[in-house]
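Please read the structure below before turning to the comments.
All chains are named by letter (A, B, ...) in the order of the sequence lines, taking the proteins before the strands, and each is independently numbered beginning at 1.
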There are 2 protein chains.
Amino acid sequence: MTQSGRKSADIVAADPEHMALVARALSHPARIRILQLLAEQDECRGAEVFSELPLAQSTISEHLRVLKEAGLVSAHPIGTAMTYCLVPERIAAFTDALDFVADAPACDSYPVRDA
Amino acid sequence: MTQSGRKSADIVAADPEHMALVARALSHPARIRILQLLAEQDECRGAEVFSELPLAQSTISEHLRVLKEAGLVSAHPIGTAMTYCLVPERIAAFTDALDFVADAPACDSYPVRDA
DNA sequence: GCGTTTAATCGTTCATCGACGATAAACGAT
DNA sequence: ATCGTTTATCGTCGATGAACGATTAAACGC
């Protein structure tokens, strides 16, 4: 299931469409922040997320929806509240797919330039 | 400059703004495709990129601009043409920053659910 | 010099995103 | 049964993104 061997390049879904979808889910500071939050807590935390970000509740809910849709976060109800947690396998699958690219040799002898 | 040690989590820019910027650059199938192309060629290739994607030249040029701006690709002129190549360090820095998240324990005992 | 080739830029159009407030739905407690 | 709490959804609006064709700029060959 795309995680038997790391660095296998072909195994991990290197499908551009899929990778782009995951990347798009990651492409907003608020969503990165949410992931970091969940990672720090290690215990899955409820909607203290709402209190941590300077955004309207509805906005954060939308961000969570995007993350869930990308499979990066899972959620389950606890009473009237919600518990969110990371799905590290998904993120790992994504980074694996990217490593396939990262491991390629850089164009010979051209140093990194900013912008 | 953010590439002394891998997996250091704090060193690599875990700055949400920056990570989101890189992710946004990756958030389009055409751009992923371009990166894969460059990775496969290992020799930096010119604008055969233009012939590989079913998009207008101007569109692809724009995608390349985005990738360059994110530091994922570098370019230098060769005669009247251009040579593009990956900047693997950047991608590695990004995946490192993500691994910090991916290495977090999953929320105890909740299986991966799709969507 | 002159045309050719290659890439970047410009201007436009249409679609998608991000943010918000307001509202609705689900649940626990009283 | 009703109220307060918590989260998801809806409708709107402004901003950004993606795509294209046309144009411009640079580097080469002749």
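Note: NE2 (A:His63) to P (C:dC20) measures 8 Å, nearest angstrom. Atom CG in A:Leu64 sits about 16 Å away from atom C1' in C:dC17, given to the nearest Å. Whole-Å rounding puts the A:Arg65 CZ to D:dA8 P distance at 11 Å. In this structure, the NE2 atom of A:His76 is 16 Å from the C1' atom of D:dT6, given to the nearest Å. Taking atom CZ of A:Arg24 as the reference point, atom P of D:dT16 lies 17 Å away to the nearest angstrom. Rounded to an integer number of Å, the gap from A:Leu21 CG to C:dT16 P is 13 Å. Atom P of nucleotide C:dT9 and atom CD of B:Glu62 are separated by 9 Å, given to the nearest angstrom.
Closest contact between the side chain of A:Phe50 and the listed nucleotides D:dA8, D:dA19, C:dG18 involves D:dA8. Checking C:dA19, C:dG21, D:dA19 against every side-chain atom of A:Thr59, the shortest atom distance belongs to C:dA19. Of the candidate nucleotides D:dC20, C:dT6, D:dT6, C:dT6 has the atom lying nearest to any side-chain atom of B:Ala81. Between C:dA8, D:dA19, D:dA8, one nucleotide has an atom nearer to the side chain of A:Lys68 than all others, and that is D:dA8.
Scanning atom types as modelled, one donor and one acceptor separated by under 3.5 angstrom connect the side chain of A:Gln57 and the base of D:dA8. At a cut-off of 3.5 angstrom, the base of C:dG21 holds at least one donor-acceptor pair with the side chain of A:Ser58. Put simply, the side chain of A:Thr80 and the base of C:dG28 share no donor and acceptor less than 3.5 Å apart.
Taken from CG in B:Leu72 to CG in B:Leu21, the straight-line distance is 10.5 Å, to the nearest 0.5 Å.
Under 4.0 angstrom from either OP1 or OP2 of D:dT6 there lies no side-chain N or O belonging to A:Tyr84.
Between B:Ala75 and B:Met82, the shortest heavy-atom contact is CB-SD, 4.3 Å.
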